[in-house]
Peer 1: 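Starting off with a structure, shown below.
Just so it is clear: chains get the letters A, B, ... in the order the sequence lines come, proteins before strands, and each one is counted from 1.
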Amino acid sequence: MARLPTSPRKSTRHGARALLALAAVFLGSPGWSADLATILASTAVEPPARIGFREERHNPMFKEPMVLAGRLEYLDSGTLRKVVEIPFEEDILVQANRVIVTRDGKTRKLSLNRSRALKTILGAIEAVLAGNQERLEESFLCDVAATDDGWSLHMTPLSKGVAKRLSGLQVTGNEQAVTSIRINLPNDEWHLMRIGDELPK
Amino acid sequence: MSVALQRSLWWLGAIAVAVLILLTRLQLSFDLSAFFPRQATLSHEILIEQVRNGPASRLLVIGVGAASPDDAAEAGRLLQATLVDDPAFVAVLNGEFDEQSADVPFPVSDYYLLMDDLDFAADALQSVLQDRLRDLAFGGGADLLALIARDPYLATINVLESLSPAELSGDPWIAQNGSAVLLAETAAASIDIDAQARAVEAISAGFAALPGSGGLTLDITGVGAFSVELQETIRAEATLRSVLASIALLAVLFLVFRNVRKLLLAALPLLTGFVAGLTVVAVLFDTVHGITLAFGFTLLGVAIDYPLHLFSHARRDSGLAAIRRIWPTMRLGAASTVAAYLALVFSNSTGLAQLGVFTAVGVIVASLATRTWLPWLLDDSAAAATDAAPASTPRLSFLVAPGVLLIAALAAWPRFDAGLWDDNLSSLSPVAPERLQSDHVLRSAAVTADLRYQLTLHAGSLEQLLRDSETLDAVLADAVDEGILGSWQSVTQVLPSARVQETRRARIPERDALAASIAAAIEGTPFRADAFNTFLDAADAAKAAPALTAADIEGSVLGSWLDAHLLQLDDRWVALTSLVGPDPGRLATHIANAGVAADLVDFQEASVALMRDYRGTALRTILVAALLIVAILWWVRGNLAQTAWVTLTVAASLTVTIAAVVFVHGSLTVIHMVALLLVLGLGLDYALFLSRSEPAGERAATDKGVMACAASTTIAFAILAASSIPVLRFLGLTVAAGSLISFAIAWGGSRLRLRRVS
């Protein structure tokens, strides 16, 4: 089929994955229970909110994970921001269905609509923010487990299309806070974001 | 065997032979460019090529309307997903980036390292890998990892972005009216109406299958879509108007002759002329253009006059006697008309030459059929009495024609301020203004390359052209930096010159050296030592690959893209560079200052100039024909005063017709010009018959015949004049008005004064 591919760079280079990390910002409020409804009832966050993060990004090209650190901000309903401070500076704003990336003074605007996987994940994040279990379960199979120091929420995409690009999400927390979010991608690629203001840089 | 039967067998046999020839030879074509001048300028040739195959002409613009822009965007997205795999389309875009389309087409997949100037120095490579690290800090996924591992410079992406027919903002395109906008580039050229119809059908079917499509609206615009829409409209309109005109013609003729047999016989010369003209064109030319058929049949309209004159005169005499008496006049009229039509043969366009041959042969054969066949088919019940009265010549007034001319000129003068000719191609466009407005609204939502301006380069060899294009690329890059150009698409973004390919190939380090540079660059980064092994393999392959040629691309999915940017016109190669957001004036100066021999072609101006040249050439040719006609008249009639009267009458009729047409339509187009040729033929016919010497008793028959001719032509073409299609409207008004005016002036100049007996 004679088809001109368009811009895979923009979409994949600045794609969905980093946005997944923004999920962590919503999960700053604790509310421990091994029950999903109880967890969701306690994860709702009132904007504005801000918290630090330390993220490890693993993939087959890396011999060791790339480590990022900075802060996550929940500015308003539907408006999220990830500010990377280490090892370089980058500002990623998610607003009105768009991602605005500012790097070295240059801004690029990207639409969220193109990636079904990303849209599903952001839908889940909004559901978590709103404590909306029904909406979360529209897209994910949710499995809650109690851990030694809190709880763990495993989310597996229901859509086969999404599952090709996103293996699952794992959110952990304790009585006080959501402590981490792990994004598992196919082909041995995963990102682990620890959330808190007292993390080592 | 009766003479009538003999003649009929002879004519029918000839028609049968002609039909046989037609069955084996006739090939129709609908390539509009046949009607453009043969010796056009380079920009004209490019314009014609662009009309036929340009990227702009192959773009269908789809608008999907819904309750809200978000709903529309979602519906547009679904429709795009449906259409993107349809082979009818080269690309279907909605403004967003397509995360799924990470496949890189050949030859970009194999030659990307030769398509950009890449710096393989260790420090440059280190900077590039740092950028990719930042990309991986933001994104991820198997596609991105594979891309970076193979092409850390992302040269592939730079090339692919340059191929896109529109700037992708990342957001779905939403028009001012809230519709989601898709751009679908068809694989077929816009002149391939059948393929365009299939593409439009695919879009409609995809739309109908959308969930909730009942609550959505679909609008498809663009050259191809309009062609498909108009094909139906024009066919229906042309059929309706033709049927109505034929009925009117028959009604007038029946009123005049009150004889069904004569009605049928009147069609014989026209039909034999049509078959003969078509046969000669089919033999002389490779293909016969559809427009030749349509206009040719119209121009042959003058042939319907011949049987009408015969019937009028045969009322009081046998058909044979009648034709003998009127034949000299009819022959002179036919010869003059043929001279005018033959002028088209020597015009600068294959299409017009065909039209000339067709109509000239048609008129000759129609007049011969009227002379040698029709009289034997007439019912000779009329009294065979010959009029013993002496022939007289009407007293011809030399005041009527100039008088009417003066009045018309005075009345029309204010209208001529805006210029007599309208050379804008769009004035002939049958596309309704509201459809063009819809197209504009939808298209504006997607920032596409400027359709009006393109840069052209030409050279004797492809390699020289590509080298020139590379020089131009550098100049345009400066222009972008200066803010006088948004971006551009040039052939060398995909097909660099062999010299540049060689330079770039030589710049790629040997594997060991490149591996060492990579090892140094990834020092202190998370990258594994073997992370870029596929890049090393690709670099090896690029060093060993044969030079990329136009033929390689021609056979690939990028073939149509190349066709739109690289043309071979006879012995010249032409590169077309599309421009996005140009400041035409400053850009032209910038290029001229840089000493690059690229022309900034304004296609709007080029199309106007094309029409101007076309019309100028045709007018000059017709002027020569007019002089020839005067010479024929003088030679045959041998009467200077009568020749002068006929010439003055016809010239006045044409001028007044032009004034009338300009008064109604504002200006003249080439269609009016073709119609004026028919008016010339009609005017000659009327003037010659009304000025002929004949017995007083026969004059009534002449008057009746000419009146029947004028009335039938005027009424039939007046029906065409009411059409919504510009071409039919222009043709209809010009011929209807011309026929009436020609009759009125010739009648006034020949019947308002007392006759003298010769």
Peer 1: Given heavy-atom pairs under 4.5 angstrom as the criterion, report whether the side chain, backbone, both or neither of A/E89 touches chain B.
Peer 2: backbone
Peer 1: Measure distances from A/P60 to the heavy atoms of chain B and classify the residue's part below 4.5 Å as side chain, backbone, both or neither.
Peer 2: both
Peer 1: A/L68 and B/A137: which non-hydrogen atoms are nearest, and at how many Å?
Peer 2: CD1-O, 3.6 Å
Peer 1: According to side chain to side chain contact (heavy atoms under 4.5 Å, CB included), who are the partners of B/L78, at least two apart in sequence or on a separate chain?
Peer 2: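 B/L78: side chain to side chain contact (heavy atoms under 4.5 Å, CB included) contacts with B/E74, B/L210, B/P211.
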Peer 1: Could you walk me through whether B/I148 and A/M61 satisfy the side-chain contact (heavy atoms from CB on, under 4.5 Å) test, starting with their C-alpha distance in whole Å, then the side-chain angles of each, then the deciding distance to 0.1 Å, before giving a yes or no?
Peer 2: CA-CA 9 Å; B/I148 289 176; A/M61 288 186 82; 4.0 Å; yes
Peer 1: Are B/R134 and A/F88 in a cation-pi setup, meaning NZ or CZ lies under 6.0 angstrom from the ring centre and within 45 degrees of the ring axis?
Peer 2: yes
Peer 1: Please report the interatomic distance CZ(B/F527) to CD(A/E64), rounded to the nearest 0.5 Å.
Peer 2: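 Spacing of CZ (B/F527) from CD (A/E64) equals 11.5 Å.
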Peer 1: Please report the interatomic distance CG(B/L144) to CG(A/N59), rounded to the nearest 0.5 Å.
Peer 2: 9.0 Å
Peer 1: Using only atom types and a distance under 3.5 Å, with no angle test, would you say the side chain of A/R165 pairs donor to acceptor with the backbone of B/G141?
Peer 2: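 No, because the side chain of A/R165 does not come within donor-acceptor range (under 3.5 Å) of the backbone of B/G141.
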Peer 1: Ignoring hydrogens and geometry, is there a side-chain-to-backbone donor-acceptor pair from A/K63 to B/T525 under 3.5 Å?
Peer 2: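 Present.
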Peer 1: Could you state the interatomic distance from CG (B/D131) to CZ (A/R103), rounded to the nearest 0.5 Å?
Peer 2: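 Spacing of CG (B/D131) from CZ (A/R103) equals 6.5 Å.
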Peer 1: Can you name the nearest heavy-atom pair linking B/L145 to A/E189, along with the distance?
Peer 2: CD1-OE1, 3.4 Å
